[in-house]
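Heavy-atom basis, side chains included; hydrogens, waters and symmetry copies ignored. For clarity, every value in this text was computed on a predicted model and none was experimentally measured. Throughout, a chain's letter reflects where its sequence line sits, starting with A, and its residues are numbered from 1.
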Amino acid sequence: MRLYNTINRKKEEFIPLNEGLVNMYVCGPTTYNLIHIGNARPMIVFDAFRRYLLSINYKVNFIQNYTDVDDKIINKSKEEGIGPLELAAKYIGEYRKDAQSLRVQEATFHPKVSENIPQIVAFVAALIDKGLAYEVEGDVYFDVKNYKPYGKLSGKNIEDLKAGARVEIGEKKHSPLDFALWKAAKAGEISWDSPWGQGRPGWHIECSTMSMEYTNSPTLDIHGGGQDLIFPHHENEVAQSEGYTDKTFVNYWMHNGFITVNKEKMSKSLGNFFLVRDILEKFPGEVIRYFILSTHYRNPIDFNDQALVESEKSLSKLMNIYKLLQVKISEKQDGLKAGSEDLPGALAQIEMNIEKALQDDFNTALAISYFFDGGKLITKAVNSGEYTLASLEKAYFLYDKYLNQILGVLPYEELAGEENVNEENDLGLAIDILLKVRALARSEKNYQYGDLIRNELNNMGIEIVDTKEGSLWKRK
RNA sequence: GGCGACGUCGCCAAGUUGGCUAAGGCAAAGGUCUGCAAAACCUUUAUUCCCCGGUUCGAAUCCGGGCGUCGCCUCCA
C-alpha cells in the first residue's frame, strides 16, 4: 500500500514497524461544543481507513484523544456555570452521539488529558533535563533554538517564522517560537501539582505523551489529522517527541483536506460552520459519509446542501443495487440463462480495481466509482437472466464488504422514507384514506380524480409512489 | 513576504512517478415500463484537460513562463 507522507511530500510504500500491527493516532476533539462537518471529515476518513487496514489483516491500535483540559473549555465552563471536567464530559457525550450517527467506531483507546497528567509532567521534566525546555514563573516552554530540526514537517525555517511571529505583550517565553508545555494556573482555575507549582498541560504535549503511553513505543506508524494541524501543532509534537526520545516520532503523516463553504475554509472562528447535529436532521449519517468519501481525502470539498442532495441520489443508486442483490439472492436460484453469464470475470476485475484504488493512498473516490460500473453489469445480468446464484452472492459480498463494512455508507434509511406509510397520526390516517379513494378511482379508470389527489398531495409536499403492490407515500 | 495545494464536460469528481478510444456521479436529451406520472432500468453527452512556449515517437500528466483560486505562517479538523 502506498500512502502520501506529509513530511516527505510524496507517496511512499507503507511498512509498519511491527509486521501485522499498525499503531495510529488521530487528533481528537477539544470538547467544549458540538462538532461541525469540518471536524467530521477526519473522523470519517480515518475511521474508514482503519477499517480498511483491518480488512487487509492488520491489527490496528487506534488512538484518539479527548482534549478535556484547555483554555476554551475553561472559558466555556465559566459561561455555563459548571466545572471544566463536567463540561468536557458533557461534550464528549455529545461527540460520541454524533460519531455514532456517522457510523464512526470507537477507537481502541480514547485517552483524556485529565487522566494522564503524571505522564505529561514526567515528559516535561525530562525535556527540561535534556536542556530542551525551561521554566519561567511556573510556566514551562519548549526551547526551539535548542532543537535544530524544527520546521522539518511543515517545511518552514526558523528565521522566516521569527520574522513573521507575533509577539504578545507580557510574554514570558524567551523566543516567540517557543511554545508552552506547562501553564501555571491562574487563581481558581483547574490545576494539578507539578515540580513548577500548580498548573496544567499545554496543548501539544498531550498527543506526544499519550501516543507513547498507549502504544508503548516512541514511534507511531501513522499520525493523522487535518491539514491545519501541520503547523504548529504537529510540528511541535515532532520537536518535543523527538527531542525527548531521539527516535522518529511518526513514520507516516496523513493529513486530510478542508471542507470549505463558498470556497472558504469552514472554521469556528469564521463562523461559517454547519453542525453535524443539524445536518443529521436533514440527511442520514451514511449520506454524510458518502459525501466525504467520494472525494479523495487530501482534496478540499466544498460543502452545500446541493452537494449532499447529489450524494444522497448517488448513494440511493448504490442502495438499489444492494437491495436488488438481496432480493435475487433470497430466491436461491440461478437465472434462466445462467450458462451464458460473464459475471465472474467482471466481478473479479472490479474487486482488483477496488483494491488497487484503496492501496494507492486510500483513493475511496475511485474505489466507489467501480460500484457504479458493477451495478450496471449486475442489473443487466439480472434483467437478462445471465447469472448464477453464486455470482450474485459474490457481488453482494463485495458490496457488503466495501460499502458497508469498510466505507460504512450502506445500507441506509431515508429519513423521510417509506416508514411513514404506517404513520400512526391524524395526517397519516387521513392520507391512507385518500390513497384508498384514489385506488378506487383508478380501478374504475377515473384517472381525473386519482390524479387530482396525487397532485394536491404533491403540492403539500407528499409524494405518491405507485407500485404493483399498491401506493406508498413519503414526504419530499 | 515565506511555505504549500489546486485549476479536467453545465455542476461534482478520478486520473497528474508520460503511452490502450480522458473513470464515475449529478443534471440534460432520447427510450423501456406505466392509464398518465414518479421511481427504476437502458442509451447518448469533453479530439480535449486555465493560457503560452518547450522536452518527447508520444503530455491532462515532465520543464519554463503567465493568469486565477485557496490554505498554513494566530485558536482551528
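Which of rG35(B), rG24(B), rC73(B) sits closest to the side chain of Asp451(A) comes down to rG35(B). Minimum atom distance to the side chain of Lys265(A) is reached by rG71(B), of the listed rC73(B), rC75(B), rG71(B). Side-chain proximity of Asn363(A) to the nucleotides rC26(B), rG71(B), rG15(B) is greatest for rG15(B). For Arg454(A), counting side-chain heavy atoms from C-beta on, the closest listed nucleotide (rC76(B), rA40(B), rC36(B)) is rC36(B). Considering only the side chain of Ala365(A), rA14(B) comes nearest among rA14(B), rA77(B), rC73(B). Out of rU17(B), rG71(B), rC36(B), the shortest distance to the side chain of Arg2(A) is found at rU17(B). Between rG35(B), rC73(B), rC75(B), one nucleotide has an atom nearer to the side chain of Lys156(A) than all others, and that is rC73(B). Distance from the side chain of Arg9(A) is smallest to rG4(B) among rC72(B), rC75(B), rG4(B). Candidate nucleotides rC41(B), rA23(B), rC26(B) were compared by shortest atom distance to the side chain of Glu310(A), and rC26(B) ranks first. Candidate nucleotides rC36(B), rU16(B), rA77(B) were compared by shortest atom distance to the side chain of Met266(A), and rA77(B) ranks first.
The ring of Tyr447(A) lies on top of the base of rG35(B), close enough and flat enough: under 5.5 Å between centres, under 30° between planes.
Residue contacts for Asn320(A): at a heavy-atom cut-off of 4.0 Å it reaches the sugar-phosphate backbone alone, with no base atom in range. Across all strands, Ile259(A) comes closer than 4.0 Å to base atoms (heavy-atom distances). Contact annotation for His255(A): no contact, since no heavy-atom pair falls under 4.0 Å across all strands. If you check every strand for non-hydrogen atoms under 4.0 Å, Lys317(A) touches sugar and phosphate atoms only. Residue contacts shown for Phe258(A) include a base, since a base heavy atom lies under 4.0 Å away. Within 4.0 Å (heavy atoms only), Thr30(A) reaches no atom of the nucleic acid at all. Contacts of Gly450(A) with the nucleic acid, taken as non-hydrogen atoms under 4.0 Å apart, are absent. Contacts of Arg298(A) with the nucleic acid, taken as non-hydrogen atoms under 4.0 Å apart, are absent. Residue Met43(A) is classed as having no contact, given no heavy-atom separation below 4.0 Å to the nucleic acid. Among the heavy atoms of the strands lying under 4.0 Å from Thr295(A) are primed sugar atoms or P, OP1, OP2 only; no base atom is included. Residue-level contact check: Leu229(A) touches the backbone only, with heavy atoms under 4.0 Å from sugar-phosphate atoms and none from bases. The residue Asn157(A) sits apart from the nucleic acid: no heavy atom pair falls under 4.0 Å.
Between rU43(B) and Lys380(A), a contact under 4.0 Å exists linking OP1 or OP2 to a side-chain N or O. Distances shorter than 4.0 Å separate none of the side-chain N or O atoms of Lys323(A) from OP1 or OP2 on rA40(B). One finds a side-chain N or O of Thr379(A) lying less than 4.0 angstrom from the OP1 or OP2 phosphate oxygen of rC42(B). Contact between the side-chain N/O atoms of Asn39(A) and the OP1/OP2 oxygens of rC76(B) is not found at any separation under 4.0 Å.
Rounded to the nearest Å, the gap between the C1' atom of rU17(B) and that of rA13(B) is 22 Å. Here, rG15(B) and rA23(B) have their P atoms 14 Å apart, quoted to the whole Å.
Ion pairing between a basic and an acidic side chain is recognised when a charged N comes within 4.0 Å of a carboxylate O; Asp143(A) and Lys173(A) show no such pairing. A salt bridge between Lys90(A) and Glu94(A) is absent, with no side-chain N of the basic residue lying under 4.0 Å from a carboxylate O of the acidic one.
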Can you give the donor-acceptor pairs under 3.5 Å from side chains of residues 439-452 of chain A to other protein atoms, not counting sequence neighbours?
from: Ser443(A); atom 1: OG; to: Leu440(A); atom 2: O; distance (Å): 2.6
from: Asn446(A); atom 1: OD1; to: Tyr449(A); atom 2: N; distance (Å): 3.3

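The base of rG71(B) is not paired with the side chain of Asp228(A) by any donor and acceptor separated by under 3.5 Å.
A salt bridge (Lys or Arg N to Asp or Glu O under 4.0 Å) with Asp361(A) is found for exactly one of Arg2(A), Arg298(A), Lys10(A), namely Arg298(A).
With 3.5 Å as the limit, one finds a donor-acceptor pair spanning the side chains of Tyr396(A) and Tyr322(A). Judged purely by distance below 3.5 Å, without hydrogens or angles, the side chains of Tyr402(A) and Glu355(A) pair a donor atom with an acceptor atom.
Figure legend: cation-pi geometry between Lys265(A) and Phe258(A), with NZ or CZ positioned under 6.0 Å from the six-membered ring centre and within 45° of its axis.
Counting to the nearest Å, the C1' atom of rC6(B) and the CG atom of Asp302(A) are 13 Å from each other. Rounded to a whole Å, the CG atom of Asn383(A) is 11 Å from the P atom of rU43(B).
Across all strands shown, rG4(B) forms a Watson-Crick or G-U wobble pair with rC70(B), both key distances being under 3.5 Å.
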